[in-house]
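The next block holds one structure in the form of structure tokens; read it before the comments.
These numbers come from the heavy atoms of this one structure, side chains and all, not from hydrogens, waters or symmetry mates.
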Amino acid sequence: MIEIGKFNTLKIARSTNVGLYLTDGASDVLLPNKYVPSEYEIDDEIEVFVYLDHEERPVATTLEPYIFLNEFALLRVNYINKFGAFMNWGMEKDLFVPFKEQARPMEEGKRYLVYMYIDEKTNRLVGSSKTNQFLDNKNITLEKGEEVDLIVSHITEVGINVIINEKHKGLLYKNEVFEDLRTGDRIIGYIKNIRPDGKIDVSRQSFGVERIDASAQKVLDELKASRGFLRLHDNSNPEDIKTILQMSKKTFKKAVGTLYKKKLIEIKEDGIYLIK
């Protein structure tokens, strides 16, 4: 079955004056001439993205979209009319976001995090910035300490709301983040805590021995990039450590301790030195 909103590997069935017709054995879809490869043979397989054209007919393209079916992405609004917003997602036809699916009124030229799905009533690909309705924190199969993919959703005074593995809602606390994050950023994180009510706390750093090792490696990398010397020590201002290494002073001290025990660094009054 040819899947709308996804890449499909299809076989070239026949050539016409408007393009190639591709098949999965059950149904066909047109690959317009502008996307036809310079060399091909009938029965060759080709990977294409399938979506709906301006007349709502399935059509294939070799272009890669900015968003796929049932996934999230940060997209820019191309224009707005009386029906809703139309967003640039890398295709010839813009992605429609109805007014009822806008978390707040969209503005032309601005970017918003949206989810793309198939509208059951119209069978069309549409977008929604009301992302919470597509997330589930009831059926959680994650474990504490597990590495996960995060998408920054929105930022509040409490912390940074994230989407975990495109499935769940989570929260990064601001006082534990040492970098400038923006809506739409894709980062790696770790499950810190799963509460009885289903709320999930996440961290940018792993825990236990792995956390110390990861932090120690970061200090080591910075030492190598700084010709073997960092003007940081136990009495350094936490803000200086945060600026240079994007980590807390507590994490820094543990990392330095690890490197010292492994005889990789020398600690002096003016800072730490890499032992060559």
Side-chain angles (χ1 to χ4, degrees), residues 1-103 106 108-131 133-136 149 151 163 165-167 184 186:
M1 178 180 178
I2 296 177
E3 295 185 279
I4 303 297
K6 296 183 178 181
F7 271 110
N8 295 255
T9 300
L10 305 175
K11 186 177 289 187
I12 298 175
R14 62 187 185 278
S15 176
T16 70
N17 61 344
V18 292
L20 298 177
Y21 274 91
L22 313 178
T23 184
D24 65 347
S27 56
D28 297 349
V29 64
L30 174 67
L31 178 68
N33 280 323
K34 66 176 74 175
Y35 304 120
V36 171
S38 56
E39 296 183 6
Y40 67 88
E41 292 184 7
I42 301 301
D43 289 336
D44 280 354
E45 288 190 338
I46 183 172
E47 187 177 50
V48 292
F49 182 79
V50 180
Y51 70 114
L52 302 179
D53 65 14
H54 290 87
E55 296 181 16
E56 307 302 337
R57 299 172 302 184
V59 65
T61 177
T62 54
L63 296 175
E64 183 170 352
Y66 305 147
I67 188 172
F68 295 89
L69 179 66
N70 300 328
E71 292 186 4
F72 300 86
L74 188 71
L75 303 179
R76 177 174 53 82
V77 176
N78 273 348
Y79 67 95
I80 296 173
N81 66 13
K82 62 181 181 179
F83 302 108
F86 293 81
M87 312 194 82
N88 175 22
W89 63 304
M91 298 290 104
E92 292 184 16
K93 178 187 175 184
D94 292 332
L95 180 65
F96 176 53
V97 181
F99 286 122
K100 67 177 182 179
E101 289 298 329
Q102 297 177 22
M106 292 181 169
E108 187 174 315
K110 291 190 175 182
R111 295 178 182 272
Y112 300 88
L113 185 68
V114 298
Y115 180 88
M116 186 171 75
Y117 65 100
I118 293 181
D119 180 56
E120 294 181 354
K121 293 182 179 179
T122 63
N123 205 35
R124 300 174 181 174
L125 289 170
V126 295
S128 173
S129 62
K130 295 182 177 180
T131 55
Q133 65 181 310
F134 305 104
L135 301 173
D136 175 24
D149 294 318
I151 303 174
I163 296 169
N165 290 347
E166 308 254 1
K167 296 179 180 179
R186 292 176 179 267

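The environment of CD in Glu120 is sparse: at most 12 heavy-atom neighbours from other residues, nucleotides or ligands sit within 6.0 Å.
Annotation: the span from Arg124 atom CZ to Asp119 atom CG amounts to 8.5 Å, rounded to 0.5 Å. Separating the OG1 atom in Thr131 from the CD1 atom in Ile163 is a distance of 5.0 Å, to the nearest 0.5 Å. The structure places OG1 of Thr61 at 11.0 Å from CG of Leu30, a figure rounded to the nearest 0.5 Å. For the atom pair CD1 (Ile4) and CG (Leu52), the distance works out to 5.0 Å, reported to the nearest 0.5 Å. Here the CG atom belonging to Leu31 is positioned 6.5 Å from the OG1 atom belonging to Thr62, to the nearest 0.5 angstrom. In this structure, CD1 on Ile118 lies 9.0 Å from CD on Glu3, to the nearest 0.5 angstrom.
Applying the ring-ring contact (aromatic ring centres under 6.0 Å, His included) test to pairs two or more places apart or on separate chains, those with a residue in residues 56-84 are Phe7-Phe68, Phe49-Phe68, Phe72-Tyr115, Tyr79-Phe86. Applying the salt bridge (Lys or Arg N to Asp or Glu O under 4.0 Å) rule to pairs touching residues 29-46 yields Lys34-Glu92, sequence neighbours excluded. Each salt bridge (Lys or Arg N to Asp or Glu O under 4.0 Å) pair with one or both residues in residues 9-22, not counting sequence neighbours, appears once here: Arg14-Asp28. Listed by first then second residue, pairs satisfying salt bridge (Lys or Arg N to Asp or Glu O under 4.0 Å) with a partner in residues 58-70 number zero, not counting sequence neighbours.
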Next on the checklist: Using side chain to side chain contact (heavy atoms under 4.5 Å, CB included), reason through Val48 and Val50 one step at a time and then give a plain yes or no.
Outcome noted: CA-CA 6 Å; Val48 292; Val50 180; 4.3 Å; yes
Next on the checklist: With side chain to side chain contact (heavy atoms under 4.5 Å, CB included) as the criterion, how do Met87 and Val114 come out once you've worked through the C-alpha distance, each side chain's angles and the decisive distance to 0.1 Å?
Outcome noted: CA-CA 10 Å; Met87 312 194 82; Val114 298; 3.6 Å; yes
Item to check | Chi angles and distances behind the side chain to side chain contact (heavy atoms under 4.5 Å, CB included) call for Leu125, Trp89 | outcome: CA-CA 12 Å; Leu125 289 170; Trp89 63 304; 4.0 Å; yes
Next on the checklist: Let's go through Lys110 and Val77 carefully: what are the C-alpha distance in whole Å and the side-chain angles of both, what is the deciding distance for side chain to side chain contact (heavy atoms under 4.5 Å, CB included) to 0.1 Å, and is it a yes or a no?
Outcome noted: CA-CA 6 Å; Lys110 291 190 175 182; Val77 176; 5.7 Å; no
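A salt bridge is absent between Lys93 and Glu55: the closest approach of a Lys/Arg side-chain nitrogen to an acidic carboxylate oxygen does not fall below 4.0 angstrom. Salt bridge present: Glu166 and Arg186 bring a charged side-chain N and a carboxylate O closer than 4.0 Å.
Remark: Lys82 engages no residue in a salt bridge (charged side-chain N to carboxylate O under 4.0 Å, His left out) (not counting sequence neighbours). Qualifying side chain to side chain donor-acceptor pair (under 3.5 Å) partners for Asp94, counting only residues two or more places apart in sequence or in other chains: Asn78.
For the pair Leu10 and Val29, the tightest heavy-atom approach, listed with the atom from each and the gap, is CD1-CG1, 3.6 Å. The two residues Ala60 and Pro32 make their nearest non-hydrogen contact at O-CD, 3.2 Å. Contact detail for Met1 and Asn8: the closest heavy-atom pair is O-OD1, 4.1 Å. Here the shortest heavy-atom pairing between Ser15 and Ile42 reads N-CD1, 4.2 Å. Across all non-hydrogen atoms, the minimal contact from Glu101 to Ser128 is OE1-OG, 2.6 Å. Between Pro37 and Leu20, the shortest heavy-atom contact is CD-CD1, 4.4 Å.
Side-chain atoms of Asn88 never come within 3.5 Å of backbone atoms of Leu75 as a donor-acceptor pair (strictly under, hydrogens ignored). Judged by distance alone, the side chain of Gln102 and the main-chain N or O of Val97 form a donor-acceptor pair under 3.5 Å. A donor-acceptor pair under 3.5 Å links the side-chain atoms of Asn165 to the main chain of Asp149, judged by distance alone.
Residues Leu69 and Tyr51 have side chains not in contact (no heavy-atom distance under 4.5 Å, counting atoms from C-beta outward).
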